[in-house]
Every structure is written in C-alpha cells, then in structure tokens.
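No experiment lies behind these values; they were computed from the predicted model shown. Ligands are counted one by one from 1 in listed order, and the atoms in each one are counted from 1 as well.
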Amino acid sequence: MASETDVRAKLQRAGQDHLLRFWADLAPEPQAALLAELASLEPDALREHCQRASAACALAPGPLLDLEARLQPLPPERVGSAVRCDRETLLRWEEEGFRQIALNKVAVLLLAGGQGTRLGVTYPKGMYQVGLPSQKTLYQLQAERIRRVQQLAGQRLGTHCTVPWYIMTSEFTLGPTIKFFKERDFFHLDPTNVVLFEQRMLPAVTFEGKAILERKDKVAMAPDGNGGLYCALVDHQILEDMKRRGVEFVHVYCVDNILVRLADPVFIGFCVLQGADCGAKVVEKAYPEEPVGVVCQVDGVPQVVEYNEISPEIAGLRGADGGLLYNTGNICNHFFTRGFLDMVTREFEPLLKLHVAVKKVPYVDEEGNLVKPLRPNGIKMEKFVFDVFQFAKNFVALEVCREEEFSPLKNADTASSDNPSTSRRALLAQHYRWALQAGAHFLDVHGVQLPEQSG
Ligand code: UTP
C-alpha cells in the first residue's frame with residue numbers, strides 16, 4: 001500500500017494536498033481508508049479534473065451564441081410518431097418489436113446511479129414509492145412491466161423469452177439496491193437476468209478548483225453522470241455479457257419516469273425497421289420555456305440541446321403548421337444497437353463533453369466541523385447519456401404520447417411539478433384509462449355508474 005509520504009507528494013503535484021490536512025487527527029483505520037481513496041486518484045488526472053471543473057464553472061451557462069445559425073429541427077424523415085401514425089403502421093412497429101423480444105434480442109438498461117438530491121431521500125430513487133394504493137416502488141413497477149412484456153412477446157410468438165435487465169448503479173445506490181432486490185426475491189425475475197453494475201465516481205470540487213473533503217477521512221465523490229454509462233459498460237464487460245446472451249438492441253431509460261414502457265415493442269420495432277443504430281423517444285413540448293432538452297440537429301448532427309442553451313426567441317419559433325419548431329422534448333428513453341454501444345465505448349467515449357452541475361456539497365471546514373451548506377458550494381462534473389447521438393450513423397426519433405409515457409419523479413411534494421403526487425396521479429390515470437378501454441365501469445358506493453372522467 002502507498003505510504004502517506006508518497007500520497008502527499010502526489011497530491012502536492014496535483015495542487016490538492018489540503019486533502020491530508022486532518023491526517024494527524026485520524027485514528028489508524030480512517031487513515032488507512034483515506035490513504036486508499038487518495039492513492040486511487042491519479043495526480044495528473046486529478047489536477048486536470050479540478051482545473052477543468054473550476055474553469056468550466058466560471059463560464060456562465062446560457063444561450064449558445066451562434067446557435068441560431070447552427071440549429072435545425074430533425075429532418076422529418078428521421079422522426080416517426082406513435083401519436084399521429086395510422087393504426088396499421090403502429091401495429092407493424094409493435095409486431096416487429098415483439099418479434100425481436102421473442103428472439104431474445106432485446107435488453108433494458110436502467111440508469112440508476114443518480115443521488116436524487118432534489119427528491120431528498122437517503123436511499124436509491126428506485127426504492128421510492130409514490131403513495132399508490134398497492135404501495136409498489138418504482139423498481140417493482142419496472143420489474144413487473146418487464147415480466148409482462150416478456151409474457152406478451154412469448155404468447156404472440158409461442159416462445160419463452162427473456163428481457164435481461166441491466167442496472168447501472170453508483171457507490172450510493174449499489175448496496176441498497178442489491179439488498180432491496182434480494183429481500184424481494186428479485187420481484188420474481190430470474191436473478192441471473194438482472195445484472196447490476198457500478199459507474200465511476202469523480203471528486204466534487206470548489207469554485208476555486210480544490211477537491212472537497214466531506215469528512216476528515218473522506219473525499220466528496222459524485223457519480224460521473226448518466227453518461228458514465230459508457231465507461232461502466234467497459235469496466236464491467238457488460239457488452240460482452242450482452243453478446244453472450246444474443247442481445248442486439250438495448251432500451252436505456254431513467255429510474256424516475258413512473259410511466260416508462262420497458263422494452264416498448266412499438267419503439268423497438270420502429271427503430272429496427274428504420275435501420276437505426278441510435279434512437280430517442282420524444283414528447284411534444286408543453287410550452288416554449290418548458291425545462292426539457294430538445295432533440296434536434298446542430299451543424300447537421302443530432303444532439304440534445306438543453307433548455308438553458310436556447311434563447312427564448314428560438315424556443316418560441318413556430319413552424320408552418322403553427323406548432324413549436326423545436327417541439328421534440330427529450331424524455332431519456334433511448335434505443336441503441338449493441339454495435340453502436342461497442343463503437344462508442346471503443347472510439348468516442350473520450351470525446352464526450354463534461355457538463356457542470358453546481359450543487360450543495362457537505363464539507364468539513366478549516367476547524368474540522370461538518371457543514372451542510374445552504375447554498376451551492378461545489379461543482380460536480382457529469383457526462384450525459386445522450387451526448388453520443390452525434391456519433392450515430394442513422395439516428396431516429398419517435399414521438400409518443402406524454403400522458404401515456406412520461407411523468408418524471410424529480411422533486412419532493414414541496415415543489416409544484418414532477419413530484420410524488422404528480423407521478424402517482426399520472427399512473428392512476430393511466431390505469432383508469434386502461435380499465436375503461438377494457439370495458440370496465442366505475443360504480444359509486446351505492447352501485448351507481450360514475451360518469452367517465454377525463455385526464
Ligand atoms: P437526474 O439528472 O435527474 O439526477 O438523473 P438524479 O441524481 O436522479 O437527481 P438529482 O439531480 O440529484 O435531484 C436522471 C437519470 O440519470 C441517472 C439517475 O439515476 C436518473 O435515472 N443518473 C444520474 C445516473 O445513473 N448516474 C449519474 O451519475 C447521474
């Protein structure tokens with residue numbers, strides 16, 4: 001194991017030797033833990049990371065200057081719509097999707113490494129339950145949807161099929177997630193088809209470019225963003241696992257969308273029939289300033305442009321049909337071929353942009369007291385999963401119905417949107433619609449039929 005002197009010298013090279021300032025106060029065990037953590041940080045990379053974070057943060061985010069000239073909506077031939085297409089087309093996409101699922105060629109991949117700071121719980125967001133009568137958690141709802149899509153595909157094509165579930169976690173979410181799944185018998189999925197793996201972590205940095213100590217014996221580390229997926233796929237040989245299972249198509253999604261359709265046959269079928277290597281589901285933006293990224297083209301290349309990168313004038317532009325020109329809201333539901341993921345991990349991952357997230361990072365002050373800051377004090381650097389769209393040879397987008405497919409859980413109920421209540425209502429409303437479509441009638445306590453509700 002590296003000695004304190006070695007590690008101190010490395011940190012001095014990186015301009016980060018303050019990380020050892022409480023060394024003399026520590027007992028042997030915490031000393032060893034701190035040393036092990038610090039020894040794993042490579043000095044040049046650490047120096048570069050800290051400098052880069054502070055420099056990137058100094059550049060205020062805002063509308064990109066020459067964006068107007070570079071931005072275009074996706075070409076119409078690249079965009080399908082499950083909302084506007086005829087029934088025959090929809091059934092064709094769905095049939096193809098079910099066929100690929102029945103052939104065991106489809107996997108789902110959950111991005112569950114986030115810290116869920118806005119929701120404010122201390123456990124992984126997937127373990128959260130939004131107050132449904134069934135008390136099901138997000139993880140359980142997703143597991144059940146996987147079982148159902150396997151069953152439907154199997155019934156249609158007379159096979160017994162599997163949709164493997166890959167779950168990317170982080171240092172924060174891996175342990176509790178494994179324990180949760182084990183205690184619940186993997187929600188009756190075969191545990192060999194649930195593959196959990198861990199993404200990397202990066203030090204959180206002050207605005208002055210100093211790595212932060214969250215305790216005297218621990219550096220404040222944060223997961224490297226959902227775009228950390230591509231390194232994590234390599235670190236844990238996930239693409240090799242997919243290959244062994246014969247998986248060719250991967251549906252990647254976020255943990256917090258209670259309406260997510262796992263391995264949605266319509267989306268899979270649409271992407272496969274279009275010959276896409278990469279695809280995204282989108283919903284029509286609700287209003288010009290809605291804080292969602294827009295899937296569009298920059299310099300002719302598909303990208304997600306964040307809402308704060310577009311000026312209000314551009315966000316409000318309207319097309320010939322009167323609708324918003326940039327109306328394709330990103331909902332973090334992506335389609336990738338295994339071949340595309342392989343190419344990204346081998347060739348393009350180092351080119352992915354690092355984004356700055358300014359957050360409240362608990363720290364120890366000069367006197368060694370633990371401080372929970374009231375205002376953001378630290379920078380976390382993150383990669384984004386969608387930043388690989390630019391490398392696609394054949395990118396497509398599929399518009400889907402927001403009310404059926406998108407209701408993210410981001411905030412606590414103290415916020416006005418994207419909170420447990422909105423998620424709960426969205427799912428209950430969906431189940432209500434499904435019941436009506438199946439011919440159900442709702443009766444009051446006296447057995448009198450209730451009028452149908454809209455929304
Ligand atoms: P968000 O950007 O909403 O972040 O993640 P979050 O961590 O869940 O919540 P806040 O911002 O701290 O409140 C979108 C999706 O990306 C995953 C999350 O788990 C979620 O599914 N994610 C985020 C990762 O898998 N890894 C990360 O490093 C960050």
Side-chain angles (χ1 to χ4, degrees), residues 49 53 61 108-128 130 137-139 141-142 165-177 180 195-204 220-233 235-236 238 250-260 262 280-281 291-293 304 306-308 329-334 336 349 352-362 373 376 378-388 406-415 417-420 422-423:
H49 167 73
V108 289
L109 193 153
L110 165 60
L111 303 167
Q115 290 175 280
T117 44
R118 284 168 289 173
L119 182 61
V121 290
T122 52
Y123 51 84
K125 220 190 247 186
M127 288 162 53
Y128 193 82
V130 297
T137 58
L138 294 175
Y139 281 150
L141 293 167
Q142 292 167 25
W165 193 7
Y166 294 92
I167 305 181
M168 183 175 83
T169 58
S170 63
E171 189 181 292
F172 301 105
T173 58
L174 179 64
T177 298
F180 193 72
V195 180
L196 288 106
F197 60 103
E198 198 176 341
Q199 68 181 106
R200 296 183 190 176
M201 305 284 283
L202 289 171
M221 302 288 281
D224 57 354
N226 57 23
L229 171 66
Y230 306 104
C231 281
L233 289 176
D235 291 347
H236 303 283
I238 298 298
V250 187
H251 174 208
V252 173
Y253 70 99
C254 290
V255 72
D256 49 25
N257 178 11
I258 198 164
L259 298 180
V260 64
L262 292 107
K281 271 192 186 181
V292 292
V304 175
E306 293 286 11
Y307 63 94
N308 58 3
N330 177 39
I331 59 168
C332 195
N333 262 268
H334 308 318
F336 299 119
E349 195 287 328
L352 292 184
K353 183 175 159 188
L354 276 162
H355 299 258
V356 171
V358 177
K359 305 243 171 161
K360 294 179 207 159
V361 183
I379 308 162
K380 295 181 178 176
M381 298 294 273
E382 297 187 334
K383 289 183 174 175
F384 290 168
V385 68
F386 54 67
D387 275 341
V388 299
F406 185 53
S407 177
L409 174 63
K410 297 287 182 193
N411 306 309
D413 262 330
T414 42
S417 62
D418 299 345
N419 60 35
T422 56
S423 298

Can you check whether Asn333 reaches His251 side chain to side chain, under 4.5 Å on heavy atoms? yes
Would you check ligand 1 and list the protein residues that come within less than 4.0 Å of it by any heavy atom, ordered by chain and number? Leu111, Ala112, Gly113, Gly114, Gln115, Gly116, Thr117, Arg118, Lys125, Met168, Gln199, Pro223, Gly225, Asn226, Cys254, Val255, Asp256, Lys359, Lys410
Is the ring pair Phe384/His355 parallel, tilted or perpendicular, if the boundaries are 30 and 60 degrees? parallel
Check whether any side-chain N or O of Asp418 sits under 3.5 Å from a backbone N or O of Lys410 as a donor-acceptor pair, and report yes or no. no
Checking His49 side chain against Pro203 main chain: does a donor-acceptor pair fall under 3.5 Å? yes
Show which side-chain atoms of residues 115-124 pair as donor or acceptor with protein atoms under 3.5 Å away, not counting sequence neighbours.
| from | atom 1 | to | atom 2 | distance (Å) |
| --- | --- | --- | --- | --- |
| Gln115 | OE1 | Lys380 | NZ | 2.9 |

So, do Leu111 and Leu109 sit near enough that their side-chain heavy atoms are less than 4.5 Å apart? yes
